[in-house]
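Counting begins at 1 with the first residue of the sequence. Counting starts at 1 for both ligands and their atoms, in listed order.
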Amino acid sequence: MSMDREKQLAAEAAVELVKDGMVIGMGTGSTARFAIVKLGERVKQGLKVKVVPTSEWTRAASMEAGLEVVDFSQVTRLDLTMDGADEMDGALNLIKGGGGALFREKIVATASDRMVVFADKSKLVQHLGAFPLPVEVNPFGWQVVAAKIAKLCPQVVLRQKEGKPFLSDNQGYILDCHFGVIKNPPALELELKAVTGVMETGLFIRIAKMAFLGDGENVVEVVPK
Ligand code: 5RP
């Protein structure tokens with residue numbers, strides 16, 4: 001069974017939660033793409049929803065799928081955010097930001113009544129940290145911030161794109177922090193957020209309320225332990 005098929009089944013299961021009139025936060029990435037397409041199909045059949053995109057990529061993909069896109073500034077709360085993850089543990093703590101959209105993904109998710117995650121089963125891990133944790137920092141003084149984070153993390157790498165620092169939709173830089181194992185995700189979140197210059201981290205601590213995991217032709221629902 002291909003990983004893409006597992007992503008698709010998980011994403012489509014999440015889209016079944018969407019009801020008429022909802023304001024939906026839509027995530028970013030290859031799994032979110034399946035959700036966007038499926039939601040577009042439902043809208044063509046008459047479903048009425050508004051979508052707040054978590055990245056410029058998602059904005060474009062949603063418009064292409066025929067979804068009504070609203071700017072985040074137009075809403076004060078959302079019914080449901082659905083998004084992918086790079087890793088998740090049994091408490092549904094997540095690492096996100098592989099695509100660099102972590103800031104918008106997190107602010108939209110935390111403005112929502114509920115966040116659900118869709119992913120293939122490979123994303124569920126015992127301990128977070130094998131996937132490098134993305135930390136978004138202000139470009140001004142990023143070297144100082146990286147040096148402070150390096151006291152907590154063995155390898156901190158400035159994300160690059162085409163030979164230049166990768167710039168997020170928020171004009172932030174991303175430090176990919178290779179922890180290996182994150183023993184205490186909530187404590188690490190507090191430590192990283194205490195560093196001046198850190199705009200956001202890719203750790204989502206107990207924000208997700210449910211996950212749909214594609215496992216072969218099945219979808220498994222995971223709730224936080
Ligand atoms: C983007 C993200 C994505 O949700 C994460 O990288 C998972 O992506 P994919 O669905 O392509 O596996 O956090 O910032």
Exercise. Using a heavy-atom cut-off of under 4.0 Å, does the side chain or the backbone of Ser55 touch ligand 1, or both, or neither?
Worked result: neither
Exercise. Just heavy atoms, cut-off under 4.0 Å: does Asp83 contact ligand 1 by side chain, backbone, both, or neither?
Worked result: side chain
Using a strict 4.0 Å threshold on nitrogen-to-oxygen distance, state whether [X] and [Y] make a salt bridge.
X	Y	value
Glu189	Lys106	yes
Lys96	Glu87	no
Arg77	Asp113	yes
Arg59	Asp71	yes

For this session: Let me see the working for Arg206 and Asn93 under side chain to side chain donor-acceptor pair (under 3.5 Å), right down to the final yes or no.
Result: CA-CA 5 Å; Arg206 292 202 173 265; Asn93 294 321; 5.0 Å; no
Exercise. Think Lys7 forms a cation-pi with Phe34, using NZ or CZ under 6.0 Å from the six-ring centre and within 45 degrees of its axis?
Worked result: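 No, Lys7 and Phe34 do not form such a contact.
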Ligand 1 atoms in contact with [X] (distance to a heavy atom under 4.0 Å):
X	value
Gly98	6 (O), 13 (O), 14 (O)
Gly99	1 (C), 6 (O), 14 (O)
Asp86	5 (C), 6 (O), 7 (C), 13 (O)
Thr31	9 (P), 10 (O), 12 (O)

Exercise. Heavy atom of Lys123 under 4.0 Å from ligand 1?
Worked result: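 In this structure, Lys123 qualifies as a contact of ligand 1 - some heavy atom is under 4.0 Å.
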Exercise. Does ligand 1 have any atom that is closer than 4.0 Å to a heavy atom of Gly27?
Worked result: no
For this session: For residues Arg42 and Val15, report the shortest heavy-atom separation together with the two atoms involved.
Result: NH1-O, 2.8 Å
Exercise. Would one find an N or O of Ala101, backbone or side chain, under 3.5 Å from an N or O of ligand 1?
Worked result: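 Looking only at distances, the answer is yes, because the N/O contact criterion of under 3.5 Å is met.
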